[in-house]
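Down below is the structure, laid out as structure tokens.
In what follows, chains carry the letters A, B, and so on, assigned in the order in which the sequence lines appear, proteins first and then strands, with residues in each chain numbered from 1.
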Number of protein chains: 2
Amino acid sequence: MMTATSTAAARARTPSAQPAAGRHEVAERIAGTLQLLQDHVAITRRIVRAGDSVYEAGERFGMLHVINSGFFKTINLAADGREQVVGLHFKGDWLGFDGIAAGQYGCDAVALDTGEVWSIRYDALLAACARHPQLLGVLHQAMSREITRDRDSLLSLCTLSADARVADFLRYWADAMAQRGLRHDQITLRMTRAEIGNYLGMTLETVSRALTRLSREQLIAFPERGRRDVQIPDVQALGAYVQRSLAPASTTLQ
Amino acid sequence: MMTATSTAAARARTPSAQPAAGRHEVAERIAGTLQLLQDHVAITRRIVRAGDSVYEAGERFGMLHVINSGFFKTINLAADGREQVVGLHFKGDWLGFDGIAAGQYGCDAVALDTGEVWSIRYDALLAACARHPQLLGVLHQAMSREITRDRDSLLSLCTLSADARVADFLRYWADAMAQRGLRHDQITLRMTRAEIGNYLGMTLETVSRALTRLSREQLIAFPERGRRDVQIPDVQALGAYVQRSLAPASTTLQ
DNA sequence: CGCAAAGTTGAGCGTCCTCAAGCAGCGTGG
DNA sequence: CCACGCTGCTTGAGGACGCTCAACTTTGCG
């Protein structure tokens, strides 16, 4: 199906969903980055609350931002008013790369709950990079990771059914938590169904139905009355569910 | 609709589809970049033919690549064999950013026809950037543009109907040609319907039907027998078509 | 010339969207 | 304190857009 070159699966790269590998590596990388910034660059710390924006589309670019804590979304705006959640961002992620080329930010970066961002003047950062090449490496890796993640989003969006996309979304969030040493057996979705749906390219009703189906299949559970908290007994089972939905019938064949 | 904050249209950033503005700027920027590379970095030139890959997923990262001529696609591979065209690339675009963070490329970069790529060792580039800060600026802008474009793809994918997506795809391609001073009233699609469909998140049949409908509406025409060449009498009309399909009925209301 | 690959078109169907109703949580004010 | 309204969430019924399957045509190449 699709434009498969038949050997695709055989030579596929290391899975982006590597189950538990590299948890500590990520946490350490983030700690190292934050330390590096603290030591060599002038930082402006800022506490944000849910709904606060770090920057907005059209604003003149001058700073990059690093998340020290909290959860953020980036929203792309089209000239005609369409808006699209294009990214979710956690501790250690950078915000604002989209502004470098255009000289102004291309999207809104909004806090999903209370958190702290470190803002760094781009020119000061470049100057610091000149003195500490390690810092430049960190910066480039962050941009590279951003590109990779955006493409993974495209892949999920185009190849997965609505239910699988929701499962993949939960898996992605839980993985991000696990990698950062945060609680990941139970996550609190800080987005409304409408926001999740927007991010995943579906309506809020479809999100709701998908969550209901996933909980019927015991892949997730809602411990509280308010269904914002999602319990994930087994993250790998979510990945398996995604795989299963790719091969509707022929799983055991061959 | 969606999660519109009602003022979205009012404060939307400058349109990503700025009609004809900045054509020469882009061509000049590209010429400047190529000159800069030529002057200060060791370059390996390579001629590629349709189907040749510049790099493949999983390959060890060590080089970045700049397109001197030709057309390229990047294909993302999932561990399970799903594959997805995640980007189209033209003269002046960079290839390989996705490899920086992981140490290995995360996708395939494949030539869509004959072209020339310049390959540059990443470490040598960084060394050159240290001597010529201007080069670093160019590099960052290219990465930033890549991020912006991926997000624009996400936006189109999530908010547009199949027909509008095809129209937007043609508009995007024509714009890219125009910006580079290439012929843009008639473009030659160097991809099969299946590839276009994969890129746009739809089947090849839907692509075919969309093209038929667009030609019925006189927005495009097929000058040759083989329907690979697409004539676009008025690029702006394609943009208008996309807008129209967003507001099914209420265009003149309010 | 003949075969394989690419493309077009049609019919039927399924997934997801639309529209609608009802419920739950929560802050406000009478 | 509870009615009230608001926002967010769930669930159902019906319909549409796009997918699947299939037949046929066209193009390109050995």
Side-chain angles (χ1 to χ4, degrees), chain A residues 1-6 50-51 112-113 156-167 169 188-216 220-230 245-250, chain B residues 1-6 49-51 82 112-113 156-167 169 188-216 220-230 245-250:
Chain A
M1 54 181 65
M2 290 298 183
T3 53
T5 50
S6 79
L112 293 171
D113 72 343
S156 296
L157 212 52
C158 286
T159 60
L160 298 182
S161 69
D163 283 17
R165 242 142 60 212
V166 172
F169 163 75
T188 301
L189 298 179
R190 284 158 176 88
M191 309 163 72
T192 65
R193 302 289 189 257
E195 283 175 310
I196 297 171
N198 181 291
Y199 177 55
L200 298 176
M202 65 188 75
T203 60
L204 65 96
E205 292 95 331
T206 301
V207 175
S208 179
R209 282 186 252 264
L211 288 172
T212 301
R213 277 189 285 264
L214 289 175
S215 89
R216 254 203 289 274
I220 61 172
F222 297 103
E224 309 279 333
R225 255 318 143 96
R227 301 181 82 186
R228 277 277 173 108
D229 285 11
V230 178
S245 72
L246 285 173
S250 58
Chain B
M1 55 180 66
M2 289 297 183
T3 54
T5 51
S6 79
R49 305 186 155 275
R82 283 176 291 160
L112 293 172
D113 72 342
S156 296
L157 211 53
C158 286
T159 59
L160 298 182
S161 69
D163 283 17
R165 242 141 60 212
V166 172
F169 163 76
T188 301
L189 299 179
R190 285 159 176 89
M191 309 163 72
T192 65
R193 302 289 189 257
E195 284 175 310
I196 298 171
N198 180 291
Y199 178 55
L200 298 176
M202 64 188 75
T203 61
L204 64 95
E205 293 95 330
T206 301
V207 174
S208 181
R209 282 186 251 266
L211 287 172
T212 300
R213 276 189 285 265
L214 289 175
S215 90
R216 253 204 290 275
I220 62 172
F222 297 103
E224 309 280 333
R225 256 317 143 98
R227 300 180 82 185
R228 279 277 173 109
D229 285 11
V230 178
S245 72
L246 285 174
S250 59

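- If you measure from atom CD of Glu205(B) to atom P of dC13(C), you get 17 Å, rounded to the nearest angstrom.
- Checked against dT20(D), dA6(C), dT8(C), the side chain of Thr203(B) finds its nearest nucleotide in dT20(D).
- When rounded to the nearest whole Å, the span between CZ of Phe222(B) and P of dA6(C) equals 17 Å.
- Using a 4.0 Å heavy-atom criterion, one finds that Arg228(A) contacts the sugar-phosphate atoms exclusively.
- At a threshold of 4.0 angstrom between heavy atoms, the contacts of Leu211(B) with the nucleic acid are absent.
- Candidate nucleotides dC16(C), dC17(C), dC9(D) were compared by shortest atom distance to the side chain of Ser161(A), and dC16(C) ranks first.
- Remark: C1' of dG8(D) and CG of Leu189(A) are 13 Å apart, rounded to the nearest angstrom.
- In this structure the side chain of Ile196(B) never reaches within 4.5 angstrom of the side chain of Leu204(B), judged on heavy atoms.
- When the P atom of dC17(C) is taken as reference, atom CZ of Arg193(A) falls 16 Å away, rounded to whole Å.
- Between Phe222(B) atom CZ and Leu214(B) atom CG the span is 8.0 Å, to the nearest 0.5 Å.
- Regarding Arg227(A), its CZ atom lies at a distance of 16 Å from the P atom of dC23(C), rounded to whole Å.
- Taking only side-chain atoms of Thr192(B), from C-beta outward, the nucleotide of dC9(D), dC19(C), dG7(C) with the closest atom is dG7(C).
- If you check dG18(D), dG7(C), dT10(D) against the side chain of Ala162(B), the one that comes closest is dG18(D).
- We find that CZ of Arg165(A) is positioned 12 Å from C1' of dC17(C), with the value rounded to whole Å.
- Pairing each heavy atom of Arg228(A) with each of Arg190(A), the nearest pair is NH1-C, 4.5 Å.
- Of the inter-residue distances, the one linking Phe169(A) atom CZ with Met191(A) atom CE reads 5.0 Å to the nearest 0.5 angstrom.
- Look at CD on Glu224(A): it is 11 Å from P on dG25(C), rounded to the nearest Å.
- Residue contacts shown for Arg209(A) include a base, since a base heavy atom lies under 4.0 Å away.
- The nucleotide whose nearest atom lies closest to any side-chain atom of Thr206(B) is, among dC19(C), dT9(C), dC19(D), dC19(D).
- The nearest whole Å value for the distance from the CG atom in Leu112(B) to the P atom in dA6(C) is 14 Å.
- Side chains of Val166(A) and Arg213(A) form no contact here, defined as non-hydrogen atoms less than 4.5 Å apart.
- Taking 4.0 angstrom as the limit, Thr212(A) places none of its side-chain polar atoms (N or O) nearer than this to OP1 or OP2 of dT10(D).
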